[in-house]
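Just below is one structure, and these are the notes that go with it.
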Amino acid sequence: MEEKVLAERARLRFAPSPTGYAHIGTARTALYNFLLARHLGGDFILRIEDTDRRRYMEESVADIVTSLHALGIDWDEGPDKGGAYGPYRQSERLPIYHEYLHRLIETGHAYPCFCSGEKTAASQHKGDKKGSDSASGSGSAASGSGSGSAPTPVATGYDRTCRSIPPEEARRRMEKEPYAIRFKMPLSGTTVAHDALRGDITFDNSLLDDHVLLKQKQPGEKWAWPTYHGAAPIDDHLMKITHIVRGDEWLPSIPRHVLLFKAFGWEPPVFCHLPVILSPSGKGKMAKREGSTAVREFLKAGYLPEALRNFILLLGWSGKNDQDIYSLEEAIAAFTMEGISKSPAAFRTDKLDWLNGVYIRNLSTEELAERLAPYMQEAGLLKDPADAGERDYLKQIVPLIQERITLLSDTPELVRFLYEEPPEYEAALLMQKVSAEEASRILQTALEVVAAAEPFTGEHLHAVLKEAAERLGVKAGQMFLPLRVAVSGRPVSPGSVTDIMAILGRDKTRARLAKALGKLGKL
RNA sequence: GCCACCAUCGUCUAGGGGCCUAGGACGCCGCCCUUUCAAGGCGGUGGCGCGGGUUCGAAUCCCGCUGGUGGUACCA
């Protein structure tokens with residue numbers, strides 16, 4: 001079966017539902033689908049699954065599109081691009097679902113359900129809902145059971161009242177009563193579904209319910225809306241999707257989908273369910289509670305999109321060798337389903353931080369300055385359209401921070417002293433490695449050297465100050481610490497002291513040295 | 001509760017019966033380099049959840065247990 005599928009052109013889709021900002025899990029699913037599609041030389045399709053009108057969020061689609069683009073993911077067909085299998089928004093495909101799903105009633109694979117939403121809601125949830133009973137944990141199992149005769153447990157879901165309505169009567173009632181369409185689940189037997197990662201999985205049909213495929217039509221609406229289970233398989237077939245790579249949360253509903261394909265007489269595609277991404281603590285799904293989840297938040301926080309992409313690539317997939325850094329092209333070449341891991345991964349940012357540093361260090365000065373600009377502007381150190389002089393100044397500064405930042409957003413506070421007067425500091429900071437007298441002599445000498453240095457470059461300043469240190473009989477470390485404090489206001493600052501001086505220029509450097517000397521003078 | 005999936009260093013993972021005294025990366029620790037902090041180089045710490053099988057031999061196969069996660073909607 002898989003050979004047969006692979007013989008045709010591969011077509012993969014990413015089908016998010018626009019209920020919020022694109023989050024990390026979303027991005028990973030999109031990335032894996034994209035990489036596999038490209039690896040197989042096939043098509044990649046974006047399809048918007050907007051059948052949930054209640055949770056629909058307007059900015060969501062735009063955010064998903066920008067987030068994916070930022071990560072380097074692009075598609076061949078989609079709502080913004082069109083394509084031969086459109087439309088690509090489910091909200092625009094309502095008549096299609098209507099037709100196919102009603103066809104299922106004709107063939108006896110589904111039936112209309114006239115029960116109200118309230119009634120069905122009441123007939124289900126006979127079993128526990130998870131959080132409802134407070135502090136269950138270890139207690140519940142021990143306490144309740146014993147010999148108590150629990151009410152006969154209903155398997156799950158809808159009680160199938162309407163399943164036994166004779167077809168003739170059902171047809172008549174459909175004329176004037178609102179109805180939903182439910183799948184007629186086999187009452188016995190098993191369904192075997194195949195997952196590319198886990199092999200065959202067997203499900204007991206008697207445990208599966210008659211789930212809704214088409215929701216009840218709402219007053220005033222022309223068409224009824226489908227559920228995910230009603231719409232996705234139809235779209236996947238009509239769009240000639242060959243591989244479905246999606247989140248683990250869909251694994252339990254895979255029998256519903258293969259049964260539906262079977263009911264239509266269609267060949268199901270290859271299924272591959274990705275393990276969930278756990279929160280950093282490893283407890284539960286990644287959720288907003290434990291830090292950021294949206295791609296846009298990571299980008300705003302100062303992560304490079306290519307680093308983020310590299311990180312999520314590795315979060316649940318690994319290649320044949322021990323490679324850690326993958327360009328997009330390398331990822332496409334190396335990505336196969338076999339490399340996807342089956343167990344869930346905790347979202348820890350340690351490695352992401354490291355990767356971000358690696359990518360930052362690999363950027364050219366110009367490129368990094370470009371990427372830094374928004375953060376500098378946000379911090380008020382750069383005007384919004386920055387003029388040539390400002391951009392030039394920033395480029396001078398970039399080498400000082402390139403090797404020491406983890407996040408782009410680390411930069412402004414690190415280099416603020418190159419834009420503004422450093423904040424007041426204690427005179428004691430000048431004397432960490434030397435006595436007050438020595439510090440005075442060092443500063444005094446530096447003042448003279450700086451006044452005369454020509455050219456005023458980091459390199460030359462370094463040479464002449466080193467000489468001065470020898471003359472004074474102090475070690476380099478003793479020489480440069482007080483100068484660093486004087487010039488940057490802190491004992492720890494980016495760059496070599498002499499590079500800082502060169503960037504500041506002769507006048508500012510002299511002023512700051514003099515000010516430091518003044519502090520010592522008052523002692 | 002029921003159903004399903006998963007289970008190798010702290011984290012991400014390699015491993016598909018002998019090549020494993022279990023490899024890599026991040027983190028952590030130490031040393032080197034060094035005008036601070038970084039970066040870089042070198043070294044180290046650290047793991048096959050438990051119990052049964054199968055086999056000459058098991059991290060690798062099977063069963064059970066335990067644990068984790070997901071699902072159980074006219075949400076996706």
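Lettering of chains follows the sequences in order, A, B, ..., and the numbering in each one begins at 1. Keep in mind it's a predicted model, so treat the numbers as computed, not measured.
The aromatic ring centres of A:Tyr111 and A:Tyr179 sit 6.0 Å or more apart. Not less than 6.0 angstrom separates the ring centroid of A:Phe417 from the ring centroid of A:Tyr425. For A:Tyr228 and A:Trp250, the distance between ring centers is under 6.0 angstrom.
The distance from atom CG of A:Asp248 to atom NZ of A:Lys342, rounded to the nearest 0.5 Å, is 12.0 Å. Taken to the nearest 0.5 Å, the CZ atom of A:Phe480 stands 5.5 Å off from the CG atom of A:Leu465. Put simply, CD1 on A:Ile312 and CG on A:Leu31 are 5.0 Å apart, with the number rounded to the nearest 0.5 Å.
Residue A:Val492 places its side chain closer to B:C37 than to any other of B:G70, B:C37, B:U13. Comparing B:C74, B:U35, B:A76 by their nearest atom to the side chain of A:Ser496 picks out B:U35. Among the nucleotides B:U35, B:U69, B:A39, the one closest to any side-chain atom of A:Glu403 is B:A39. In this structure, the nucleotide among B:U35, B:A76, B:C12 sitting nearest to the side chain of A:Phe480 is B:U35. Checking B:U11, B:U35, B:U69 against the side-chain heavy atoms of A:Arg348 singles out B:U11 as nearest. Checked against B:U35, B:U13, B:G70, the side chain of A:Ser341 finds its nearest nucleotide in B:U13. Relative to the side chain of A:Ala346, the nucleotides B:U35, B:C12, B:A76 differ in distance, and B:C12 lies closest. Listed nucleotides: B:A76, B:U69, B:C74. Nearest to the side chain of A:His229: B:A76.
Take the nearest nucleotide of RNA chain B for A:Arg361 and for A:Pro275: the residue whose nucleotide is more 5' is A:Pro275. Ranked by how close their nearest RNA chain B nucleotide is to the 5' end, A:Leu278 and A:Tyr228 are led by A:Leu278.
In a base pair of the Watson-Crick type (N1 to N3 plus N6-O4 or O6-N4) or a G-U wobble (N1-O2 and O6-N3), with each distance short of 3.5 Å, B:A76 is matched with no nucleotide. Searching all strands for a Watson-Crick or G-U wobble partner of B:C33 with both distances below 3.5 Å returns nothing. Across all strands shown, B:G18 is found opposite B:C56 as a Watson-Crick or G-U wobble partner, with both distances under 3.5 Å.
Between A:Arg490 and the phosphate of B:U36, there is no side-chain N or O to OP1/OP2 separation shorter than 4.0 Å. Look at A:Lys215 and you'll find a side-chain N or O under 4.0 angstrom from OP1 or OP2 of B:C75. Put simply, A:Ser493 has no side-chain N or O that comes within less than 4.0 Å of OP1 or OP2 on B:C37. Side-chain N/O atoms of A:Lys285 include one lying less than 4.0 angstrom from OP1 or OP2 on B:G71.
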Query raised in the report: Using a cut-off of 4.0 Å between protein heavy atoms and nucleotide atoms, how would you tag nucleotides 23-29 of chain B 5' to 3' with B, S and -?
Result: BBBSS--
Report summary line: Counting primed atoms, P, OP1 and OP2 as sugar-phosphate and everything else as base, the B/S/- map of nucleotides 3-8 of chain B against protein heavy atoms under 4.0 Å is SSSSS-
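Classified by interplanar angle (parallel below 30°, tilted 30° to 60°, perpendicular above 60°), the ring pair A:Phe335/A:Tyr32 is tilted.
Of all heavy-atom pairs spanning A:Ala502 and A:Thr457, the tightest one is CB-C, 3.9 Å.
A cation-pi geometry, defined here as NZ or CZ lying under 6.0 Å from the six-membered ring centre and within 45° of its normal, does not hold between A:Arg256 and A:Phe183.
Taking the P atom of each, B:A22 and B:G47 are spaced 10 Å apart, rounded to whole Å.
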